[in-house]
Amino acid sequence: MPELPEVETIVRDIGPYLTGRTLRNPQLHKTDVLRGISRRRLISSLDGQRVEHVSRRAKHAVLLLRNGLRLIIQPRMTGTLIVYDRTLRAAEQRYAVLEMKVGRRETFVYRDVRRLGTIHLLQEKAWLSYTARIGPEPLDDTFDFANFVARLHGTRQAIKKTLMDQARIAGIGNIYANEALFRAALDPSRRTDRIDRHSLERLYRELRAVLGEAIAAQGTTFRDYRTGTGQRGSFQDSLLVYGRAGQPCTQCGTHLATTHAIDGRATYFCWRCQGTPS
DNA sequence: ACGAGGTCCTGCGAGC
DNA sequence: TGCTCGCAGGACCTCG
């Protein structure tokens with residue numbers, strides 16, 4: 001489930017293959033991922049366009065094209081973005097949503113089993129408005145502790161839900177919210193407005209640390225996620241709580257617990273180290 | 001402002 | 001074996 005570290009890994013991988021290349025023969029196999037654009041206009045806007053720049057914003061991959069449009073792909077749950085330097089195998093072709101040639105042999109594929117992912121194609125102005133609705137990038141140099149506190153301010157919601165609110169801070173999903181809260185020894189269900197400054201300092205530090213470590217490990221592969229070259233990530237080996245219900249806490253040995261009480265999403269935590277969710 | 005619940009989508013595993 | 005059903009979940013929506 002690509003969150004910030006996974007999309008960052010994808011973008012770093014595919015960027016060198018796409019930048020300066022011309023998109024040829026785009027094929028859209030499914031249309032239900034399109035947002036605000038028809039298949040016909042997407043195809044005609046992509047075909048023959050040079051890719052000027054590839055970047056990440058929150059959990060989106062952004063391809064800036066010569067014609068000024070941005071192709072924005074959000075892989076969500078099961079989406080993968082891969083550049084292959086060979087012909088695709090049948091299994092790789094299956095579930096392909098968008099596919100285009102980016103060189104003599106290279107093919108760029110957006111593949112998505114469940115197709116909860118989305119594709120936008122935006123003009124500069126629409127892009128600015130789109131990105132303005134998303135919070136700041138947590139790994140930016142400018143994202144200091146004061147900024148973090150300001151972004152969390154004014155809500156009584158559970159801290160885990162607040163962290164995952166893309167309008168407040170960009171790119172944090174379920175895996176890294178769980179991990180950061182455990183590492184900061186914070187109860188995921190704690191009301192955001194009732195967390196003391198020292199706890200917030202720990203959370204700020206651990207959040208940035210875990211995101212950085214996950215990028216260094218090429219992301220977390222639980223099931224579908226692959227890097228931009230089709231490899232598995234390795235941060236699943238470093239997860240301390242996510243997916244580890246029933247296993248011993250690495251800090252105190254207590255059996256880790258899971259609940260769906262916060263926003264209906266799987267929360268993993270240690271009763272002893274993080275306290276009891278209220 | 002906030003929580004609850006529905007929606008999208010398909011593979012998978014449990015249960016019968 | 002073959003079927004149904006619930007679940008996985010990020011973002012967005014409506015309702016109370």
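Lettering of chains follows the sequences in order, A, B, ..., and the numbering in each one begins at 1. Bear in mind the structure is a predicted one, so any value in this text is a computation, not a measurement.
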> Looking only at atom types and distance, does a side-chain atom of A:E179 sit under 3.5 Å from a main-chain N or O of A:V210, one as donor and one as acceptor?
Replying inline: no
>> Please report the distance, rounded to the nearest Å, between CD1 in A:I172 and P in C:dA11.
In response: 11 Å
>> At less than 4.0 Å, is any side-chain N or O atom of A:Q74 found next to OP1 or OP2 of C:dG10? Yes or no.
In response: no
>> Output the rounded distance in Å from NE2 (A:H60) to P (C:dC12).
In response: 7 Å
> Counting only side-chain N and O atoms of A:H260, is one of them less than 4.0 Å from OP1 or OP2 of C:dC7?
Replying inline: no
> Side chains of A:H153 and A:F148: does their closest heavy-atom pair fall under 4.5 Å?
Replying inline: no
>> Between C1' on B:dG3 and CZ on A:R265, what's the gap in Å once rounded to a whole number?
In response: 14 Å
>> How many whole angstroms separate atom CG of A:D193 from atom P of B:dC2?
In response: 8 Å
> Can you check the A:D165 CG to B:dG3 P distance for me, whole Å?
Replying inline: 12 Å
> Does a side-chain heavy-atom distance below 4.5 Å link A:R41 with A:S38?
Replying inline: yes
>> Please classify the nucleic acid contact of A:Y242 as base, sugar-phosphate, or nothing, using heavy-atom distances under 4.0 Å.
In response: sugar-phosphate
>> Would you say the ring centers of A:F222 and A:Y242 fall short of 6.0 Å from each other?
In response: yes
>> Between A:D32 and A:K30, is the salt bridge (Lys or Arg N to Asp or Glu O under 4.0 Å) condition met? List the steps.
In response: CA-CA 6 Å; A:D32 51 9; A:K30 298 282 184 177; over 6 Å; no
>> At less than 4.0 Å, is any side-chain N or O atom of A:R76 found next to OP1 or OP2 of C:dG9? Yes or no.
In response: no
> Under a 4.5 Å cut-off applied to non-hydrogen side-chain atoms, are A:T229 and A:Y84 in contact?
Replying inline: no
> Does A:Q157 place a side-chain N or O at less than 4.0 Å from the phosphate oxygens OP1/OP2 of B:dA1?
Replying inline: no
> Is the backbone N or O of A:I43 less than 3.5 Å from a side-chain atom of A:D47, with the two atoms forming a donor-acceptor pair by type?
Replying inline: no
> Within this structure, what is the CD-to-P distance between A:E6 and C:dG9, rounded to whole angstrom?
Replying inline: 14 Å
> Would A:E124 and A:R70 satisfy salt bridge (Lys or Arg N to Asp or Glu O under 4.0 Å), going step by step from the backbone distance to the final call?
Replying inline: CA-CA 8 Å; A:E124 177 81 8; A:R70 281 175 177 80; 2.8 Å; yes
> How is A:T118 classified with respect to the nucleic acid when contacts are heavy atoms under 4.0 Å: base, sugar-phosphate, or nothing?
Replying inline: nothing
> Between B:dC2 and A:K161, is there an OP1 or OP2 to side-chain N/O distance shorter than 4.0 Å?
Replying inline: no
> With the 4.5 Å side-chain cut-off for hydrophobic clustering, are A:L203 and A:L211 part of the same group?
Replying inline: yes
>> Within the 4.0 Å heavy-atom criterion, would you say A:D112 contacts the bases, only the backbone, or no part of the nucleic acid?
In response: nothing
> Which part of the nucleic acid, if any, lies within reach of A:Q166 when heavy atoms closer than 4.0 Å are counted: base, sugar-phosphate only, or nothing?
Replying inline: sugar-phosphate
> Between A:D263 (CG) and B:dG6 (P), how many Å, whole number?
Replying inline: 14 Å
> Any chance the rings of A:H29 and A:Y95 have centres within less than 6.0 Å?
Replying inline: no
> How would nucleotides 9-14 of chain B be written as a contact map, 5' to 3', with B for base contact, S for sugar-phosphate-only contact and - for no contact, using protein heavy atoms under 4.0 Å?
Replying inline: BBSS--
> Over its full length, what angle do the end axes of the helix from B:dC2-C:dG16 to B:dC16-C:dG2 make, each axis taken from five pairs and the result rounded to 10 degrees?
Replying inline: 50°
> What integer distance in Å separates A:M164:CE from C:dG9:P?
Replying inline: 9 Å
